[in-house]
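Here is the structure we will look at, set down as structure tokens.
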Amino acid sequence: MDETRATRPDDEPVVISSLVVETAAGTADAVADALATLDGVEVHERQGHKLVVTIEAPTVAASHARASEFLQMAGVTGINLVYCNFEDEYGRA
């Protein structure tokens, strides 16, 4: 059995969110490095003081909680949700 399926119900979609994270001047690299250490978070691109980030989470609440953590990070001045998708085929063979 696939390990992913063993740890989550088949009928629950995975939530994939895309966000733009805004940073204070001179902090974008440090923020990108910090974000990249978080489980389920991937930093895709930096454009000046803005970072393009995705979050992969098992629920909407978990995705929201992870994004809310960004606001507590030094250098983060704001986050904007760009896209949210529910993948109900996550982990299925």
Side-chain angles (χ1 to χ4, degrees):
M1 177 185 260
D2 181 315
E3 275 186 36
T4 304
R5 290 185 71 192
T7 59
R8 52 182 287 105
D10 286 336
D11 61 349
E12 190 174 327
V14 67
V15 179
I16 301 172
S17 303
S18 176
L19 305 99
V20 172
V21 178
E22 296 181 31
T23 64
T27 65
D29 289 335
V31 171
D33 291 344
L35 290 173
T37 67
L38 299 175
D39 189 39
V41 176
E42 188 172 342
V43 178
H44 297 277
E45 187 173 341
R46 176 182 169 203
Q47 296 178 359
H49 70 282
K50 296 180 181 181
L51 305 170
V52 177
V53 177
T54 54
I55 299 172
E56 186 173 313
T59 65
V60 171
S63 181
H64 183 266
R66 177 61 80 198
S68 294
E69 289 176 27
F70 297 177
L71 292 171
Q72 306 306 312
M73 296 180 140
V76 174
T77 59
I79 59 173
N80 297 291
L81 180 65
V82 175
Y83 179 79
C84 188
N85 189 49
F86 301 91
E87 293 287 330
D88 58 2
E89 294 298 317
Y90 183 80
R92 295 184 183 166

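None of the values given here were measured: they were computed from a predicted structure. Below, all heavy atoms of this structure are taken into account, side chains as well, without hydrogens, waters or symmetry copies. Numbers here simply count residues along the sequence, with the first being 1.
Grouping the Ile, Leu, Val, Met, Phe, Trp and Tyr side chains by contacts below 4.5 angstrom, directly or via other members, places V52 apart from L19. Follow the hydrophobic side-chain contacts under 4.5 Å out from V20 and you never reach V41; the two are in separate clusters. Under the 4.5 Å side-chain heavy-atom criterion for Ile, Leu, Val, Met, Phe, Trp and Tyr, L71 and V60 are members of distinct hydrophobic clusters.
Applying the salt bridge (charged side-chain N to carboxylate O under 4.0 Å, His left out) rule to E42 yields no partners; only residues at least two apart in sequence or on another chain are considered. A search for side chain to side chain contact (heavy atoms under 4.5 Å, CB included) contacts involving Q47 returns E45, not counting sequence neighbours. For T54, the side chain to side chain donor-acceptor pair (under 3.5 Å) partners are H44, not counting sequence neighbours.
Listed by first and then second residue, the salt bridge (Lys or Arg N to Asp or Glu O under 4.0 Å) pairs that reach into residues 67-82 are R66-E69, sequence neighbours excluded.
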Distance-only check: which donor-acceptor pairs under 3.5 Å involve side-chain atoms of residues 27-39, not counting sequence neighbours?
unit_1	atom_1	unit_2	atom_2	d
T27	OG1	A24	N	3.3
T27	OG1	A24	O	2.7
T27	OG1	G75	O	3.4
D29	OD1	R46	NH1	2.8
D29	OD2	R46	NH1	3.3
T37	OG1	A34	O	2.7

Going by atom type alone, with no hydrogens or angles, which donor-acceptor pairs under 3.5 Å involve a side-chain atom of residues 76-84 and a protein atom two or more places apart or on another chain?
unit_1	atom_1	unit_2	atom_2	d
T77	OG1	E22	O	3.2
N80	ND2	E22	OE2	2.9

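Taking 4.5 Å as the limit, every side-chain heavy atom of V15 sits out of range of all side-chain heavy atoms of N85.
No more than 12 heavy atoms of other residues, nucleotides or ligands shown are found within 6.0 angstrom of NE2 on H64.
In this structure, F86 CZ and S63 OG are separated by 8.5 Å, a value rounded to the nearest 0.5 Å. Rounding to the nearest 0.5 Å gives a distance of 13.0 Å between OG1 of T23 and CZ of F70.
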